[in-house]
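Single-structure report; data block below.
Values below: every heavy atom of this structure, side chains too, minus hydrogens, waters and symmetry copies. Everything quoted here is computed from the prediction, not taken from an experiment.
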Amino acid sequence: MADDVVRVVLRADPGLPLEIAREIAETLPDDMRKRTTVDWEADAEPGAFTADEQVEAEHLADALADQFPSGTYDIAVFVTDLPRRYRTQPILAEVSRTERIALLSLPALGWFHRPSRARRGVADLITLIYDGTPPRFAREYTVRQADAGQQPEQRFVTPGLLGRLRLLSGMIRANRPWRLFAGLSKALAGVLATAAFAVVNSTIWNITDALGPIRQAVLAVLAVVALLAWLIIDHQLWERPDDVINRQRAKLYNAVTLVTLLIGVLCLYMAVFALTIVLVPVVLTGDALRSSLDHGAEWSFYLSIAWLTTSMGMAGGALGSGLEDESAVREAAYGIRQRSRLEQQGKHHAS
């Protein structure tokens, strides 16, 4: 390693990890100068971590060999959005001091303050490789060192229920569930079309008048569940244990997929509900309602019919969701993305 300048190479999975890695590369030289007496250079480029999540720390260099060719770096760090686990414990980071390589798994950082945590985490890992200083995140993030002693390969895991919840929330955050809403454009069209038809239907007016809030709530839950189930079944998002993804991993991936889709569907429901509340008073006048009901226009009735028509529209959205772009919806499934990476890795090695 050169005495005057230490070259750090960051590689990251495309998307959010790469965005975070590039932000880290901009500030890393200044951060490291505050910790050491040498100068630092850093750059970030896209890569793809395609190894199995259970790969051992001592084999980390082999898994990242294509990303970090020998002689191109002094210290290398890979940032991934794939979950890493040691048995059932989420892995935050792994270090091979022999090969001067480290890996940081973003999902283990949780949902909040991820860029700042990742920035400090990368700096801590580099410091550990450079001079052996124990990482501060081992204390700050309730992370313990799994491999004790002064072994060159080290692994840091988040134990207990807190670690698992943090991993789950981090994986959901990595899925960017709010982007799923934009990907459900055809489902949104189906929901709006069904809701618009229901608003001008006098039969729906009478049904709304007879329904109480409890039945309305039950219908809303059933409508959300119906669209959620249709998305999962139609796009084959549910993981089943096989030779690639074991049972425990499938449960984790399915939980993340389910919550991600639920957030996206709820955003869709609330957006349609807001639009319908605006539409109903414009379309339905007091005179129109009196011809079918025993009362005129009231805000409580407007809210009730907007609620019912939104729930009915979600059923129409289920039909529209079958026309969605596969990639827009299947991005919510962690297991599908991982298998895609493994397939790409196999093709690369075959070529």
Side-chain angles (χ1 to χ4, degrees), residues 1-13 16-47 49 51 55 57-82 84 91-110 113-141 143-147 149-158 170:
M1 180 182 298
D3 294 331
D4 52 348
V5 178
V6 180
R7 176 173 173 77
V8 177
V9 177
L10 301 178
R11 293 291 183 271
D13 292 320
L16 182 61
L18 181 58
E19 295 175 12
I20 292 177
R22 284 174 172 166
E23 292 177 0
I24 293 174
E26 293 178 359
T27 59
L28 186 62
D30 291 335
D31 292 340
M32 294 306 301
R33 289 189 195 101
K34 297 176 182 177
R35 302 186 181 205
T36 64
T37 58
V38 299
D39 289 329
W40 296 79
E41 293 180 354
D43 68 78
E45 298 295 338
F49 185 68
V55 64
E58 56 266 28
H59 300 308
L60 185 62
D62 295 335
L64 296 174
D66 292 340
Q67 301 298 330
F68 302 115
S70 177
T72 61
Y73 63 89
D74 294 319
I75 297 175
V77 180
F78 196 95
V79 180
T80 182
D81 64 346
L82 286 176
R84 299 276 294 142
I91 296 172
L92 172 62
E94 294 169 276
V95 177
S96 174
R97 296 192 64 194
T98 303
E99 302 295 336
R100 312 188 72 79
I101 288 179
L103 181 140
L104 181 71
S105 178
L106 292 178
L109 294 174
H113 309 295
R114 177 178 293 190
S116 60
R117 288 178 173 179
R119 174 180 172 181
R120 285 180 291 171
V122 168
D124 283 351
L125 292 173
I126 293 173
T127 305
L128 172 62
I129 294 174
Y130 181 72
D131 60 16
T133 302
R136 291 180 297 174
F137 60 70
R139 178 178 66 256
E140 295 175 0
Y141 297 157
V143 178
R144 66 178 175 82
Q145 186 171 325
D147 302 325
Q150 301 298 321
Q151 299 297 323
E153 289 80 23
Q154 296 173 329
R155 169 177 284 154
F156 302 90
V157 301
T158 54

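- Note: Glu99 CD to Ile129 CD1 = 10.5 Å, rounded to the nearest 0.5 Å.
- With rounding to the nearest 0.5 Å, the separation of CG in Asp43 from CZ in Arg7 is 4.5 Å.
- Within the 4.5 Å cutoff, side-chain heavy atoms of Arg114 are placed close to those of Leu16.
- Salt-bridge check for Arg117 with Asp124: failed, with every basic side-chain N at 4.0 Å or more from each acidic carboxylate O.
- Between the side chain of Thr127 and the backbone N or O of Ala123 there is at least one donor-acceptor pair closer than 3.5 Å.
- Val9 and Phe68 make their closest contact through O-CE2, 3.7 Å (heavy atoms, listed as atom of the first residue, atom of the second, distance).
- Met32 CE to Thr27 OG1: the interatomic distance, rounded to the nearest 0.5 Å, is 11.5 Å.
- Note that OG1 of Thr80 is 12.0 Å distant from CG of Leu18, once rounded to the nearest 0.5 Å.
- Of the options Ile101, Asp13, Leu104, a side-chain contact (heavy atoms from CB on, under 4.5 Å) to Phe78 is made by Asp13 and by none of the others.
- Shown here for Asp81 and Pro107, the closest heavy-atom pair between the two residues is O-CG, 3.1 Å.
- Residues Pro17 and Val79 come closest through the heavy atom pair CB-O, 3.8 Å.
- Taking the side-chain contact (heavy atoms from CB on, under 4.5 Å) definition, one finds that Glu23 meets it with Pro115, sequence neighbours left out.
- For the pair Arg33 and Asp39, the tightest heavy-atom approach, listed with the atom from each and the gap, is NE-OD1, 3.6 Å.
- Looking at Ser105, its side chain does come within 3.5 Å of a backbone N or O of Leu82 through a donor-acceptor pair.
- Taking every heavy atom of both residues into account, Asp74 and Val5 meet most closely at OD2-O, 3.7 Å.
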side-chain contact (heavy atoms from CB on, under 4.5 Å), that's the test. Do Arg35 and Thr133 meet it? Break it down for me. CA-CA 10 Å; Arg35 302 186 181 205; Thr133 302; over 6 Å; no
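- Atom-to-atom distance recorded for Leu28:CG and Leu10:CG is 6.5 Å, nearest 0.5 angstrom.
- Rounded to the nearest 0.5 angstrom, Ile75 CD1 and Arg97 CZ are separated by 9.5 Å.
- When all heavy atoms of Arg22 and Pro46 are compared, the pair lying nearest together is NH2-CD, 4.0 Å.
- Comment: Arg11 does not engage Glu45 in a salt bridge, judged by the lack of any side-chain N to carboxylate O separation of less than 4.0 angstrom.
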